[in-house]
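Input: a single structure, listed below in structure tokens.
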There are 2 protein chains.
Amino acid sequence: MSTEARRDVFQAIADPTRRQIINLIVKESMNLNAIAENFNISRPAVSQHIKILTECGIVSIRQEGRERFCEPKLAALKEVSNWVDQYRQFWNDRFDSLDNYLTKIQSDNNLKK
Amino acid sequence: MSTEARRDVFQAIADPTRRQIINLIVKESMNLNAIAENFNISRPAVSQHIKILTECGIVSIRQEGRERFCEPKLAALKEVSNWVDQYRQFWNDRFDSLDNYLTKIQSDNNLKK
DNA sequence: TATATATGTAAGCATTTGGTTACGCAAGTT
DNA sequence: AACTTGCGTAACCAAATGCTTACATATATA
């Protein structure tokens, strides 16, 4: 994790631990120690994951006394949703079952030219 | 990219170059050199990206003489689609506009307990 | 057959990533 | 005031990532 970098939602969700963190706090807002209890990694490691999630807008922090509660801001996942949605047709159409839909798409493209 | 590792769809799409490759070949099946022409990185670098995409099932190769055409198998993105879909409600519901839907979810959870 | 083309792969390298331990500090508690 | 709790961050480290160049191999083509 180290210092910093350009944070990106796709990169943020690439890590399985971070996906698990999202899945945890979506059920219930949790403070950092509570989150860390669910993993075998150290508390600072979790803290760094949270930092990444915060930096790319997937998580927001609500301070409450000395505790910091993590809340998901899942609208940040819209970017991923939009990206993947543009390809949805390619596995939903009737050619899917024939396992040759790609060839079909290919020939469609050729027709357009 | 290096040698090998446990390939994962989420990790595969984390790289912007790989997302661009997907976007290229979905329009038209292309061989490796044709793909590489679209990037400023070397041909072997593209080859390694293709390898990763192949290993996690997003791309398949159709050999044709000495050329190898890359075709997308976008059903592999289903995993991403399913993952992100489970959170879709959290940015589609009416609380979204109030920007406090998370608080709502939180209180819902509390009620259930 | 000799050459050109299309590609894979190994080796090397700088950077990033994900983890650790050690420490510091603010906010509660005694 | 002294102690405990919750957390951030720095320093360090091993492994992974993304790239390069160099080379090998298979398939056309002249």
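Throughout, protein chains are lettered first and strands after them, A, B, ... in sequence-line order, and every chain is numbered starting at 1.
Comparing D/dC19, C/dG19, C/dT17 by their nearest atom to the side chain of A/Ile41 picks out C/dG19.
The side-chain hydrogen bond (donor to acceptor under 3.5 Å, both in side chains) test applied to A/Gln20 returns no partner, not counting sequence neighbours. Contacts of A/Asn23 classified as side-chain hydrogen bond (donor to acceptor under 3.5 Å, both in side chains), with partners at least two apart in sequence or in another chain: B/Tyr87. In this structure B/Asp85 satisfies the side-chain hydrogen bond (donor to acceptor under 3.5 Å, both in side chains) test together with B/Arg88, sequence neighbours excluded. Residues satisfying the side-chain hydrogen bond (donor to acceptor under 3.5 Å, both in side chains) test with B/Glu37, not counting sequence neighbours, are none. With sequence neighbours excluded, the residues satisfying ring pair (Phe, Tyr, Trp, His ring centres under 6.0 Å) with A/Phe10 are A/Trp83.
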Can you pull every protein N or O that's under 3.5 Å from an N or O on nucleotides 2-8 of chain C?
unit_1 : atom_1 : unit_2  : atom_2 : d
C/dT7  : OP1    : B/Leu32 : N      : 3.1
C/dT7  : OP1    : B/Arg68 : N      : 3.1
C/dT7  : OP2    : B/Asn33 : N      : 2.8
C/dT7  : OP2    : B/Asn33 : ND2    : 3.1
C/dT7  : O4     : B/Arg43 : NH2    : 3.3
C/dG8  : OP1    : B/Arg68 : NH1    : 2.5
C/dG8  : OP2    : B/Ser47 : OG     : 2.7
C/dG8  : N7     : B/Arg43 : NH1    : 2.7
C/dG8  : O6     : B/Arg43 : NH2    : 2.9

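The shortest distance between the side-chain N/O atoms of A/Ser42 and the OP1/OP2 oxygens of C/dG19 is not below 4.0 Å. Of the side-chain N and O atoms in A/His49, one or more sit less than 4.0 angstrom from OP1 or OP2 of C/dG19.
Atom CG of B/Asn82 has more than 12 heavy atoms from other residues, nucleotides or ligands within 6.0 Å.
As a whole-Å value, the separation of A/Arg18 CZ from C/dG19 P is 8 Å. With rounding to whole Å, A/Gln48 atom CD is found 16 Å from C/dT16 atom P. We find that NZ of A/Lys51 is positioned 15 Å from P of C/dG19, with the value rounded to whole Å.
Across the interface with DNA chain C, nearest-nucleotide mapping of A/Gln63 and A/Asp15 shows A/Asp15 to be the residue nearer the 5′ end.
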